[in-house]
Amino acid sequence: DKPGTYIVAAKAPNGCVSRDTVIVAQDIVAPDVATVGNTITCTNPDVQITATSQAAGASYVWNGPGSFQSDLPNPTVSKEGTYTIVVTGANACTSTATAIVDLDTDKPILSNQTPEILTCARQSIVIETSVSAQTSPISNLAWSGPSSFMNATEDPSVTEPGDYTLVATSENGCTQALIVKVEQDVAQPEVAADGGTLTCSITEIALKGTSSTPGVVYEWTGPNQELFNTANPLVSATGVWTLKVTGPNGCSKTATATVDDDVVAP
């Protein structure tokens, strides 16, 4: 059971002896083995691990997570973890090695501040968004929205109300979506205007401007381009007066009032 040179001798009845030499060799060299692991991503949920050996006629047995087993040198796997391979050479000697399969399926992190409301005074707003990566860098941003809206920036400017969707994609192929609702207030304020009649004894009258909309601004314009910024200005010019009422949202509405005169002498 040991390697080396063995000598055998045979002696005949006549006393003659013959000798011969036998060499017993030994092969207990374990096979070489090299392994390469991989990384599971959203783009590649199934990956290949590899094992190579220069030993002729070697056989391979892999064991891994989830009771995984394979006799292929380069099997496909779908779970992260440590995979162990036993390589057996033609001489029955074995070598063991491992391959690591990592997992990179982290999605981008998206958040946003509640956007301002579109109004008559604010006809475009910027959707302020925060986009960050956990492990894999962001590779693509894609906004979609009303009227075939498309944009690839983090903080797009929009001019229409509705739902805007941001899809962020990481280099690992993982995606995350965020829906932002943009609202609009373009309601016109309510407005009413009344004039009056000038006479020989009444040379000024108070125009009457009213609105049930809170916080409005009044602007009267007269026949001779007179301007007043009160609801009930005193005027002395006859003709058509125009009242423009502007609400807090910047939307406005107009109404008119007529000032007549009755100055016919008796």
* **Short side-chain donor-acceptor distance under 3.5 Å, Asp104 and Thr39** => no

* ILVMFWY network linking Ile202 to Val235, side-chain heavy atoms under 4.5 angstrom -> yes

* Please check if the side chain of Ser70 supplies one atom and the backbone of Trp62 the other of a donor-acceptor pair under 3.5 Å. => no

* Could you walk me through whether Leu243 and Leu207 pass the side-chain contact (heavy atoms from CB on, under 4.5 Å) check? -> CA-CA 10 Å; Leu243 172 62; Leu207 299 175; over 6 Å; no

* Asked: Hey, what do you get for CD (Gln184) to CD1 (Ile125), rounding to the nearest 0.5 Å?
  -> 9.5 Å

* Output the distance between atom SG (Cys16) and atom NZ (Lys11), rounded to the nearest 0.5 Å. => 10.0 Å

* Stepwise side-chain contact (heavy atoms from CB on, under 4.5 Å) test for Glu160 and Val182 -> CA-CA 8 Å; Glu160 293 187 46; Val182 174; over 6 Å; no

* Whether Trp241 and Trp220 hold their rings parallel, tilted or perpendicular, with breakpoints at 30° and 60° -> perpendicular

* To do: Evaluate side-chain contact (heavy atoms from CB on, under 4.5 Å) for Leu166 paired with Leu141, printing each intermediate quantity in order.
  => CA-CA 7 Å; Leu166 170 63; Leu141 295 175; 4.2 Å; yes

* Asked: Does Asn74 offer a backbone N or O that forms a donor-acceptor pair with the side chain of Gln48 under 3.5 Å?
  -> yes

* To do: Could you pull out the closest heavy-atom pair between Gly81 and Pro65, with the gap in Å?
  => CA-CG, 3.9 Å

* **Interatomic spacing from OG1 in Thr169 to NZ in Lys107 - rounded to 0.5 Å** => 11.0 Å

* Roughly how far apart are Thr76 OG1 and Asn44 CG, rounded to 0.5 Å? -> 11.0 Å

* Return yes if some donor-acceptor pair links the side-chain N/O of Thr105 with the main-chain N/O of Cys42 below 3.5 Å, else return no. => no

* Asked: Any link between Val36 and Leu72 through a network of hydrophobic side chains (Ile, Leu, Val, Met, Phe, Trp, Tyr) touching at under 4.5 Å?
  -> no

* Say whether Ile85 and Phe68 are linked into one hydrophobic cluster, either directly or through other cluster members, by side-chain heavy-atom distances under 4.5 angstrom. => yes

* Donor-acceptor under 3.5 Å (Thr84 side chain, Asn63 main chain) -> no

* Donor-acceptor contact present, side-chain Trp143 to main-chain Phe149, <3.5 Å -> no

* **Heavy-atom pair with the smallest gap, counting every atom of Val33 and Ala97** => CG1-CB, 3.9 Å

* Donor-acceptor pair, side chain of Glu128 and main chain of Gln113, under 3.5 angstrom -> no

* Taking Val191 as the fixed residue, which of Thr210, Thr213, Val245 is the one that meets the side-chain contact (heavy atoms from CB on, under 4.5 Å) rule? -> Val245

* Asked: Are Val167 and Ile138 joined in one hydrophobic group, where the rule is that I, L, V, M, F, W and Y side chains link up if heavy atoms are under 4.5 Å apart?
  -> no

* Structure fact -> Of all heavy-atom pairs linking Ala133 and Ser136, the shortest is CB-O, 3.1 Å

* Asked: Can you tell me if Asp155 uses its side chain to pair, donor with acceptor, with the backbone of Thr129 under 3.5 Å?
  -> yes

* Output every pair passing side-chain hydrogen bond (donor to acceptor under 3.5 Å, both in side chains) with a member in residues 254-263, not counting sequence neighbours, ordered by first then second residue. => none

* To do: For side-chain contact (heavy atoms from CB on, under 4.5 Å), just list the numbers for Ile109 and Val131, CA-CA rounded to whole Å, side-chain angles, deciding distance to a tenth of an Å, and then say yes or no.
  => CA-CA 6 Å; Ile109 300 174; Val131 180; over 6 Å; no

* Asked: Which heavy-atom pair separates Val158 from Ile127 by the least distance, and what is that distance?
  -> CG1-CD1, 3.9 Å

* Do Gln123 side-chain atoms and Thr159 backbone N/O form a donor-acceptor pair below 3.5 Å? -> no

* Asked: Of the non-hydrogen atoms in Pro189 and Cys251, which two are nearest, and what is the gap between them?
  -> CD-O, 3.4 Å

* **Residue Ile179 excluded, over 12 heavy atoms near CD1 under 6.0 Å** => no

* To do: Look at the side chain of Thr242 and the backbone N and O of Thr221, then say whether any donor-acceptor pair between them is shorter than 3.5 Å.
  => no

* side-chain hydrogen bond (donor to acceptor under 3.5 Å, both in side chains) partners of Ser53, counting only residues at least two apart -> Asp32

* **Spacing of CD belonging to Glu190 relative to NZ belonging to Lys253, to within rounding of 0.5 Å** => 7.5 Å

* Asked: So, the side chain of Ser170 versus the backbone of Asn172: is there a donor-acceptor pair under 3.5 Å, distance only?
  -> no

* Which heavy atom of Ser78 sits nearest a heavy atom of Asp46, and at what distance? -> CB-OD1, 3.1 Å

* **Hphob cluster co-occupancy, Val216 + Phe228, side-chain heavy atoms under 4.5 angstrom** => yes

